Structure formats: structure tokens, C-alpha cells
S.K.: 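After the C-alpha cells below, expect a handful of questions from me.
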Amino acid sequence: MAVAKSSSSSIPVAQRVNRFTYAIRNIVAEAQRVEATGKRVRYLNIGDPVAFGFHTPPHLIEAVERALRDGHNGYGPSAGLASAREAVAAEYTTRGFPVGADRVFITAGTSEGIELALTAMVDEDGEVLVPMPTYPLYTAVLAKIGARARYYRTDPGRGWTPDLEHLASLVTPATRVLVVIDPNNPTGAMYSTSTRRALVELADRHGMAILADEVYGDLGYEGPVPPLGSLDPDAPIISFSSLSKAYLAPGWRAGWMAVGRSPRLDAVAGAIRKLADGRLCSTVPMQYAVTAALTGDRSHQVSFRAALKERAALTCDALKAMPGVTCVAPAGAFYAMPQVTLPAGRTDEDYVLALLRETGVLCVYGSGFGLPAADGFLRIVFLAPPAELREIYGLMADFTRRYLGDVS
């Protein structure tokens, strides 16, 4: 018997999707509309070094090519290739956070690792402490699993340092995890040793695990940053990193997580392994590049850090010279988080969209990272060549002067 079809009713969408936002990508739809009018758009919204002319190191490309030619194109172990896991474990151990290869998981970028860890540790209605501003992946994942983000303040007046008193006040019986992003996305901040130690001690005091997002750990302008776990190798810390940023291969989606040796994380490691089994494996050929990256030449990082330091100084100086704009100097990574003194009734999104439509410069509004919309923050990715950045900041300065009504 034929089944009657309805031509009027839409297929329903799951309610969880309504809780899910990701401003870094969402704003691209408006940029595409602007491009359709014939205006050039300068994309300063996504931290992809390759898109701005930085090149993946040749020995990593060769490792992947060799893996492909040698037939390593089938499924791999769910936790990752032994050689890659051993390389990650050795890297952490050498840097003061001893981890066994059996506590390492190779993931489809850091993003998958974060989602696996949060899914393993946080039940529906559980709470996770995330910095404000935060990288929006965390809040997107928490929305998807039905958990709650609690934002702890970071203070731009103190270099975006976490407000430890405010952080402690947010802890409840439902709190499960503290997220620490250092070096920081979206602010470019780096935390002092005393602040990092205080974060570890606070988490330990309240029985929380720490997710240490250390993707930019090799991109401090003055050199690599030690893992957070090196301050206390027995603390319940899970560290994340990848090939995306310091190894200039974001499209390969090759990342890893290292679950600290603390027995308090034994059940968590088991849960992550179970979840990893359910998605089979991360991309196998790229895992050969993990080994090549962590055991091979890293000289490209010296020039990359120098390039970022130059761009950071140029960016901060140009932004601070604009009317009504302040900026905290970044110390690592390739982001700045300036603040615009907005007219009454305007939001950060209003400013960012107007900037895009008039000049073609695309940034991300600060409320997409959890900040109040009226505060006027935005995130800038400063990976473009210095000459192009100067041109972009000239456009921003002229626009901002008009937007704020400053014609002096």
C-alpha cells in the first residue's frame, strides 16, 4: 500500500541545534553576501596560517606522502598509531609532564579531543568553568551534550589574567572541569607561572579535572611554553595540542590529547578510549606526520614566532592609534582582542557587521566569545603580511573614526 506523503510539514530539527552557535564560522555567511556585491573581503576571522602564505614543513608533507604511497590507507587503531602516540608521550615527558603512550589519543584535530573529553567527563546539567572570553568550541560542545558553561572572568587590565577570586566563586557541586587556554585564543594572553600554579591548586582543591588547551604552546613569542602539567605531573590534567598551528597543517585535522598519570584520571582514560572506539580512528596518513613533527626538525617555528611577534607589535600599535580603541598586547599566538568604545545602544556585532559591509574587513565580535555585546570587543587574526595589515588597519581607522563620529 502506498504511504501518503505530506508536502506541507517540515522535518523537525533537534532542539539541541538551537543551543549551538559558533560565531567564527557563522559570520562568514554575511561576508559571502558582501563578496557577492563585488567587494573584496579580508578574512581576519579564522586562524589558518596556510591561508596567509605560511607553508607546512616539507618533512611533514613527505611523511604523509610516504604513508599514502606505502599503502597506509586503511583503518588504524582507535587510539592512534603506536608510533604517533609514543612520539606524543616522549614530547610531554621531555617537557616535564610524564605521560605513557597508553594515555595518549590521536584525534581529528584538538576539537575532536575536546569533545571526547567533555563527553566522557560531564553529564547533562553538569558544569564546566570556561574563561571569558572563551574559544567558542567549548560552549558549542557543552550545548550539544546538554551541559552548562560557567564563565570565569579574565581581566584585560591585567593582561587578560584570570580573576581567581571570581573563578573560585563559581564552583558548585555540579562543577566537573576547569578549562585553561594558555597561550590564549582569543586574546593572545600568556599566564604567569604563579597564575598557572594557582589554577592547578584551585582545581585540585575542588576535585576538578583541568582541560589544558595548549595548541599554541610552541608559539609564545619568546619561545615555547612548558605544559601546565609540568607544574604538578600528578594533578588531574588532560593536555591538548595538534599540528594545526605551530606545525602549519590545520587542514590535516591531526591532533592529540595526553591524559595525565594521576590515578584519578584512570576511569576518564577508559571512558575516552570507549568513545574513541565508537568513531573508529582519526585519519591515518596524517598520523605519520605527528611522529615526523615531534621527532624531526622544528626550525620553521623560530621564523614563525618572529613573524608573529612582528605582526603582533604592528597590530597593537595600529589599533591603539585608532580613535576610541584600546588593545592589550598579545604575548603568543596570532590573535588580538581590541575594544572599541561604542556609541550608546550599539553592540560589538553592529560594529563588526558595519565594518565588514563598508570596508570588507571581517573580524569576529567579542560576544561570540562570551563577552557582553555592549563592551565593544572584537577578535582580529593578524596572520596577513605586514604590508596588507597596514592597509587593513588604515581602512579600520578611517571607518572607526566615522562610526564613532570623531571627525577631528
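Sequence positions, counted from 1, serve as the residue numbers for this chain. Being a predicted model, the structure only gives us computed values, none of them experimental.
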S.K.: Under 6.0 Å between the ring centres of Tyr365 and Tyr351?
M.R.: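 Here the rings of Tyr351 and Tyr365 have centres that are no less than 6.0 Å from each other.
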S.K.: Does Met286 offer a backbone N or O that forms a donor-acceptor pair with the side chain of Thr283 under 3.5 Å?
M.R.: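 Flag not set: sc Thr283 to bb Met286 has no pair under 3.5 Å.
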S.K.: Looking at every heavy atom in both Pro136 and Gly368, which two are closest together, and how far apart are they?
M.R.: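 So the two residues come closest at CB-O, 3.7 Å.
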S.K.: Any heavy-atom pair between the side chains of Trp256 and Thr110 that's under 4.5 Å?
M.R.: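 Answer no - side chains too far apart.
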S.K.: Mind jotting down which residue pairs meet the salt bridge (charged side-chain N to carboxylate O under 4.0 Å, His left out) criterion with at least one end in residues 328-356? Sequence neighbours excluded, please.
M.R.: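 Counting only pairs at least two positions apart or across chains, no salt bridge (charged side-chain N to carboxylate O under 4.0 Å, His left out) contact touches residues 328-356.
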S.K.: With a 4.5 Å cut-off on side-chain heavy atoms, are Arg305 and Leu219 touching?
M.R.: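 The answer is yes; the side chains approach within 4.5 Å.
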S.K.: Does either side chain, that of Ser282 or that of Glu112, offer a donor lying less than 3.5 Å from an acceptor on the other one?
M.R.: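 No, no side-chain donor-acceptor contact under 3.5 Å.
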S.K.: Can you tell if the side chain of Ile380 reaches within under 4.5 Å of the side chain of Met396, non-hydrogen atoms only?
M.R.: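 Answer yes - side chains close enough.
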S.K.: Whether the Asp234 and Ser262 side chains hold a donor-acceptor pair (N or O, under 3.5 Å, no angle test) is what I'd like checked.
M.R.: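 No, no side-chain donor-acceptor contact under 3.5 Å.
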S.K.: Hey, are Lys274 and Asp277 close enough for a salt bridge, meaning a charged N less than 4.0 Å from a carboxylate O?
M.R.: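 Judged by the 4.0 Å cut-off on N to carboxylate O distance, Lys274 and Asp277 do not form a salt bridge.
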S.K.: So, Arg253 side chain and Ala249 main chain: donor-acceptor pair closer than 3.5 Å or not?
M.R.: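 Checked: no pair found.
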S.K.: Give a yes or no on whether the backbone of Asp375 and the side-chain of Gln339 come within a donor-acceptor separation of less than 3.5 Å.
M.R.: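 Judged by distance alone, yes, a pair lies under 3.5 Å.
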S.K.: Assert yes or no for the condition that the ring centre distance of Tyr335 to Trp160 is strictly below 6.0 Å.
M.R.: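 Ring centres of Trp160 and Tyr335 not closer than 6.0 Å.
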S.K.: Taking His300 for the side chain and Phe54 for the main chain, is one N or O donor matched with an acceptor at less than 3.5 Å?
M.R.: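 Not a single qualifying donor-acceptor pair exists.
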S.K.: What pair of heavy atoms forms the shortest contact from Tyr216 to Ala333, and how long is it?
M.R.: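 Looking at all heavy atoms of both residues, the closest pair is CD2-CB, 3.5 Å.
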S.K.: What are the two closest heavy atoms between Val99 and Tyr92, and how far apart are they?
M.R.: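 The answer is CG2-CB, 4.3 Å.
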S.K.: Find out whether Tyr75 and Val284 are in side-chain contact, i.e. whether some heavy atom of one side chain is under 4.5 Å from a heavy atom of the other.
M.R.: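 Result no, sub-4.5 Å side-chain heavy-atom pair not found.
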S.K.: Taking side-chain contact (heavy atoms from CB on, under 4.5 Å) as the criterion, tell me which of Val41, Leu362, Thr359, Leu353 meets it with Val34.
M.R.: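 It is Val41; the other options fail the test.
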S.K.: Is it the case that the side chains of Ser239 and Glu214 hold a donor-acceptor pair, with the cut-off being a distance below 3.5 Å and no angle test?
M.R.: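 Yes, side-chain donor-acceptor contact under 3.5 Å.
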S.K.: Does any non-hydrogen side-chain atom of Asn45 lie less than 4.5 Å from one of Cys363?
M.R.: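 Not touching, per the 4.5 Å side-chain cut-off.
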S.K.: Would Tyr288 and Glu65 count as having a side-chain donor-acceptor pair, cut-off 3.5 Å?
M.R.: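 No, no side-chain donor-acceptor contact under 3.5 Å.
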S.K.: Side chains of Arg379 and Asn185 only: does a donor on one sit below 3.5 Å from an acceptor on the other?
M.R.: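 The criterion, which ignores hydrogens and geometry beyond distance, is satisfied for Asn185 and Arg379.
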S.K.: Over all heavy atoms of both residues, which pair between Leu142 and Ala149 is shortest? Give the atoms and the distance, please.
M.R.: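 Smallest heavy-atom distance, with atoms named: CD1-CB, 3.7 Å.
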S.K.: Quick one, Leu60 and Trp252 - any side-chain contact, counting heavy atoms below 4.5 Å?
M.R.: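 Yes; the side chains approach each other to less than 4.5 Å.
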S.K.: Would you name the heavy atoms of Ile238 and Met121 that are closest together and state the gap between them?
M.R.: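 Of all heavy-atom pairs spanning Ile238 and Met121, the closest is CD1-CE, 4.0 Å.
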S.K.: Roughly how far apart are Met132 CE and His166 NE2, rounded to 0.5 Å?
M.R.: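 That separation rounds to 6.5 Å.
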S.K.: Do Thr172 and Arg148 have side chains that approach each other closer than 4.5 Å (heavy atoms only, starting at C-beta)?
M.R.: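 Sidechains of Arg148 and Thr172: no contact.
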S.K.: Are the side chains of Pro386 and Arg311 in touch, meaning some heavy atoms are under 4.5 Å apart?
M.R.: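 Of all side-chain heavy-atom pairs linking Arg311 with Pro386, at least one is under 4.5 Å.
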S.K.: A quick test of your reading: do over 12 heavy atoms of other residues, nucleotides or ligands sit less than 6.0 Å from NE2 of His55?
M.R.: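 For His55, atom NE2 is not crowded (no more than 12 foreign heavy atoms under 6.0 Å).
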S.K.: One thing to verify: whether Arg40 and Glu388 come together as a salt bridge, which I'm taking to mean a side-chain N less than 4.0 angstrom from a carboxylate O.
M.R.: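 Between Arg40 and Glu388 there is a salt bridge, with a charged N closer than 4.0 Å to a carboxylate O.
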S.K.: Do you know which two heavy atoms are closest between Ala336 and Thr315, and how far apart they sit?
M.R.: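 Shortest heavy-atom contact: CB-CG2, 4.0 Å.
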